[in-house]
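Below: the structure, in structure tokens.
What you see below is based on every heavy atom in this structure, not just the backbone, and it leaves out hydrogens, waters and symmetry mates.
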Amino acid sequence: MTKLSYLHEPGVLHNLAMRYELNEIYTYTGNILIAINPFQRLPHLYDTHMMEQYKGAGFGELSPHVFAVADVAYRAMINEGKSNSILVSGESGAGKTETTKMLMRYLAYLGGRSGVEGRTVEQQVLESNPVLEAFGNAKTVRNNNSSRFGKFVELQFDKNGRISGAAVRTYLLERSRVCQISNPERNYHCFYLLCAAPPEVREKFKLGDPKSFHYLNQSSCYALDGVDDAQEYLATIRAMDVVGISEEEQEAIFSVVAAILHLGNIDFSKGAEVDSSVIKDEKSRFHLNTTAELLQCDVKSLENALIKRVMVTPEEIITRALDPVAAVGSRDALAKTIYSRLFDWLVDKINISIGQDPNSKQLIGVLDIYGFESFKLNSFEQFCINFTNEKLQQHFNQHVFKMEQEEYTKEEINWSYIEFVDNQDVLDLIEKKPGGIIALLDEAWYKKLYAVSVISYSTLLLLVDFIFTASRSMFPRSTHETFAQKLFQTFKNNKRFIKPKLSRTSFTISHYAGEVTYLADLFLDKNKDYVVAEHQDLLTASKCSFVASLFPPPAEESSKSSKFSSIGSRFKLQLQSLMETLNSTEPHYIRCVKPNNVLKPAIFENANIIQQLRCGGVLEAIRISCAGYPTRRTFYEFIHRFGVLAPEILEGNHDDKVACQMILDKMGLKGYQIGKTKVFLRAGQMAELDARRAEVLGNAARTIQRLIRTYIARKEFMALRKSAIMLQSHWRGLLACKLYEQLRREAAALKIQKNFRRHIARESYLTVRLAAITLQTGLRAMTARNEFRFKKQTKAAIIVQAALRCHLAYSYYKSLQKAALTTQCGWRGRVARRELRKLKMAARETGALKEAKDKLEKRVEELTWRLQLEKRLRTDLEEEKAQELAKLQDALHAMQVQVEEANARVIKEQEAARKAIEEAPPVIKETPVIVQDTEKVNSLAAEVESLKASLLSERKAAEEARNACTDAEARSAELQKKLEDSERKVDQLQESMQRLEEKLANSESEIQVLRQQALAISPTGKSLTTRQRTMIIPRTPENGNVTNGETKVSPDTTLAISNVREPESEEKPQKSLNEKQQENQDILIKCISENLGFSGSKPIAACVIYKCLLQWRSFEVERTTIFDRIIQTIASSIEIQDNNDVLAYWLSNSSTLLLLLQRTLKANGAGSLTPQRRRATSASLFGRMSQGLRASPQSGGLSFLNGRGLSRLDDLRQVEAKYPALLFKQQLTAFVEKIYGTIRDNLKKEISPLLGLCIQAPRTSRASLVKGRSQANAAAQQALIAHWQSIVKSLNRYLDIMKANHVPPFLVRKVFTQIFSFINVQLFNSKLSKQSFATVISCLPFFWLLYPNASCQQYAGPAWEELKHIRQAVGFLVIHQKPKKTLNEITKELCPVLSIQQLYRISTMYWDDKYGTHSVSSDVIANMRVMMTEDSNNAVSSSFLLDDDSRLVCSVF
């Protein structure tokens, strides 16, 4: 930037803005590198190719880059043997940490060496970053990941320039943030990561929501945008493993972090004594016990350490209680001390893991330290941070001035002293002894400490803490107000120190970057750097070795004065050590700049950037350059650029230095200097030279333009004249050709007309002759066959009439029979109702319960008989209808066949006659032939008339047959309607029968209870009535179900559970009700343990289980074991996960049973809702499944439930479900998901190796494609086809298994959808990963031909869309003229499903073999980059790979 023509603030800002728009984020200002944070990823700037370019390149030869600074430092260390340092500075959010990472990557690239366990030292340092960031970074107002500590990384090199070791030094961790945070900032990341840990970890440490902890809920910000704390926790665990922290140490670390959170929730209230405190409530007591448990220390000792202080004097031991305010201060002090010791331990552990080289003589240090801070409220931390930046700024100014001086001395030019801003007075104000601010801060409490008589070290520590906690009442001069007044009195005449008008405890310091106002309220407390004796003893005695190691016992008191160093003094010593290290090295500066405060790309705020440049000293460095000779050019560059101003000088044989002198003298410039190799110009002289050069070049350009325009005009005129002559010549030749062509066409037309007219006349004659012969042949054949055809038609009509009359008589008989049956059923129903009234009257007398039961049984039998009767009637009606329709169709078909046969015979006769006429010899008879032909024509005309009459009669008969068929169809429709009414009545009777069965079951239960009570009361213990036993009766053809070779229970009818009386006598003891239920359960479990198979497409086992549970009322009981036994049976059946037949069988049964339960069970309190309301508000798993099945016309989920026994889904009776039933439904849901996932995973495991072989198949060479495939390529192609066929066979086998077990079609389609998605992801990702994509392209046509075939189109057809990514990608690669395609055509028409990242990857990864260019135009590539940048700004994922969708079946419901 020092080469700019106009070197001032607007010019600097304009230059930076223009480069920032081009993503050129690095700019040189002399030897200083300015890095503007782009707030987006720019991977092309940091790849290996870029490192190779900057390796060994001179500084300034290539574009500005952070690699260039690192390369200069490394080359200087190797060549000069002197250590170097790189100072990375800037405010929070400017990108200092990322710049530091890039520096270490490049240094490791230059001098990398394999470290421990195959990891380089640079990798070990970078792997430690997540740990340090988790425990040392936090969200601030300006940055979401601000480092709250300084870091200096030393990379140690051996004599060969290889990295031999490294060390990490940290400075000034912000301890106060542990206890105090402001809105909208956050505490350290580790607290939030631990609260987002897995549930078992949170339960172990008794953690919960961050809002419940005092140290975290002081701010309303708990989460960061785009950051998942749970994932960051796992990343921190992995980083700890890499660094070398064992699992025991990790557990101890997080135990300490959790203890700090619980410690912050301990509150105090006033005690019974004056100025005493106690634990506030039970909640605080819980957190106290938890803290002691996590730190493994005594609860009582921890409580005493928080609310009491012990002072040991030679005379006695004094125990003093603390008031609640002091106790809170003691609690916070303990939390800050523990966290500070934990952070120091982590840094030491990282340094031990990395390893240091004690024999190293050279190093490169990278300083990543906090930038200048100025907030609304600034405290002791900002004071120390700004003190550090003042030190670094002084070092920077001195170094820049030194470089400028060395440049002038090297070129041997005359120069005068250049003034620059020296901030030594600010440093004296802060650190000078004895009158500096840090010295006065130490004096404010040192004075009180040393005034105490000689006592023990522990007592002295107690006195220190006592002074700070009670200074307000006992030592009024040691408060923050007295400290502020002392500052006002001491520095009242200092121009850098300002006293605010409206505050008594604030003071302002005029730093190099501006004025900053500090609050002195907490300076004394934050400056303390000691551990309270009670806290030290408590944690040293901890049973946890890790906690005890953080607080080792204090050493012997050799020097008591060294025991009381403050944080300010200690930080001052650390800073002095850092400055000594920097002064002993050759410094290089990188100034990081934050372009905006919203942390978004493409936003350039001028005011914000100019302020950072001032704070960073960049503008001061530019001012120093401008004060001397800011513009410098080598002799060659100067002559090359400004030689046009004096061309006569270039023609002469002059030295470069003399030529430069002559050019400058000719231009009349004054004040410049000419060195040994460069020309030094004053500010503005370069702009003047450029203006004169532009004037000379402009005049030359105008002369050239005038001559060129003349040449172009003459050239155009000559070309136009030549074209006119050539055009006239061609036009005249064309006219002559047209005249000749016209004459030739007229002669050809006359010849064509003559031949055409002759051809038309001959064709007409032949047509008339052929028509006459054909008509004669047909008429003669028709006359010969007429009588035979008439007889045959008459016979067929007689047969049709006989069949129709028979049908009418049979229909009338059946209608009379049906009316008689209906009358009988009505009369018997009336008799039954009369008998029922009599029974009701009799039931009121003694023994009515027994009689009612018998009557109900009879009623059930009667209803069963009526149901069977209705079934027989319906079957008979259907058979009659089918027979009648079949007869009519047969008659109609016979008539059609007869007509067709007659037509065929006529055609055959015509052909035979025509052949006979052609074969007969010609006979010439004039008059007899004419008379004979006339008679034959008349006879044939008569035959035609008779045939027309017969045809009309046949049409009339056919019309009568159609009318009869129409009447039959009307009667059939009427019979169908009656049949539907009968079915509806049967359904109503069946519901009535079901209600009667339920009443009967209730009566049996009451009877059993009464019997048991009677047995308990009766002295004989005998049952009052006989016991009944339930048994399952197998269905046979006699009771309505056909058995296919074996006895299977069909779900079409209700399970027949009949009561059979025991043959035993009244005296035999009866079994209890529980034993009876146990027997029924054993029978059910034994039944479903076997493969019951399917009835049609209906799973029998699921229907058996459902009807049994519904009959036994197991859903409404509070406690039962049947559900657990069913679950155990299913679990034992699917233990072998490799048997896909068993898995498919149980998937069909489980899904069917779960759907039935979903439609039947309802939770308590839902009885008032209507069925429609319950279906509308259903949000359970199979509620959504049943809705999806009803809504989809292609779904096969309902077809297996529409039997007579189960009726429709909406007709299922709902019951109030208890907890066991609801738990059984949840367990069954889990089994459905497990079985589905197992089948899908088995299929994936089977096809994954084959798919890998297809992807890794050898590619056919280009030569073989041109010259013909060799035998080896043909064999490879056959093997590839065999792999694809194996995949298709596997898919077909699984499809057959699931179809054989009647798995619901929507589950089968979901399996195929996920498998096709898996194939699509594997093929597409292998293509984008530069694997054998040519093999993928060659294999896809075979796969599309082989699958899907017709047998699996129903299931695999919808899933075929899952291959859309690979299909569109291949189609995009094989189309022609891709450079002519626009981005809109590619994204909207060719590849609508592919993302911009994927299209960019395909377009840049594959080249056009024909033209050697990218597959699309450069404009499309540029537009893709812009869209990718916008996507990255909008937090859109930038990954171009696809993810496999492996969700379970519940995702489709």
Report task. Would you mind telling me which of Y188, Y171, F149 makes a ring pair (Phe, Tyr, Trp, His ring centres under 6.0 Å) with F343? Result ->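 Result: among Y188, Y171, F149, F149 is the only option passing the ring pair (Phe, Tyr, Trp, His ring centres under 6.0 Å) with F343.
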Give a yes or no on this: more than 12 heavy atoms of other residues, nucleotides or ligands lie within 6.0 Å of atom [atom1] of [X].
| X | atom1 | result |
| --- | --- | --- |
| E273 | CD | no |
| Q576 | CD | yes |
| E282 | CD | no |

Query raised in the report: Taking all atoms of both residues into account, what is the closest heavy-atom pair of I279 and F268, and its distance?
Result: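 Looking at all heavy atoms of both residues, the closest pair is CD1-CE2, 3.9 Å.
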Quick one: do the [X] and [Y] side chains pair a donor with an acceptor below 3.5 Å?
| X | Y | answer |
| --- | --- | --- |
| Q382 | S374 | no |
| N289 | K206 | no |
| N386 | Y518 | yes |
| D521 | T505 | yes |
| E133 | H189 | no |
| Q424 | D428 | yes |
| Q180 | Q218 | no |

[X] side chain to [Y] main-chain N or O, any donor-acceptor pair under 3.5 Å?
| X | Y | answer |
| --- | --- | --- |
| N217 | S212 | no |
| Y233 | Y192 | no |
| S255 | L294 | yes |

Query raised in the report: For the residue pair F191 and Y339, is the inter-centroid distance of their aromatic rings smaller than 6.0 Å?
Result: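 Between Y339 and F191, which both carry aromatic rings, the centre distance is below 6.0 Å.
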Requested in this report: Please find out if less than 6.0 Å separates the ring center of H262 from that of F205.
Outcome: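 No, the ring centres sit 6.0 Å or more apart.
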Report task. Using a 4.5 Å cut-off on heavy atoms from C-beta on, say whether the side chain of R320 contacts that of L322. Result ->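 They are in contact (side-chain heavy atoms under 4.5 Å apart), so the answer is yes.
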Query - Sub-4.5 Å side-chain heavy-atom contact between E248 and E251 - result: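 A side-chain contact under 4.5 Å is absent here.
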Query - salt_bridge(E154, R169) N-O dist < 4.0 Å - result: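 So E154 pairs with R169 through a salt bridge.
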Requested in this report: Give me the ring orientation class for F135 and F254: parallel if the planes are under 30° apart, tilted from 30 to 60°, perpendicular past 60°.
Outcome: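 Ring orientation, 0 to 90° scale: tilted.
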Requested in this report: Mind telling me whether F497 and F491 have parallel, tilted or perpendicular rings, with 30° and 60° as the class edges?
Outcome: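 Tilted: the ring planes of F491 and F497 meet at 30° to 60°.
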Query - Between CD on residue E390 and CD1 on residue I509, distance to nearest 0.5 Å - result: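 That separation rounds to 8.5 Å.
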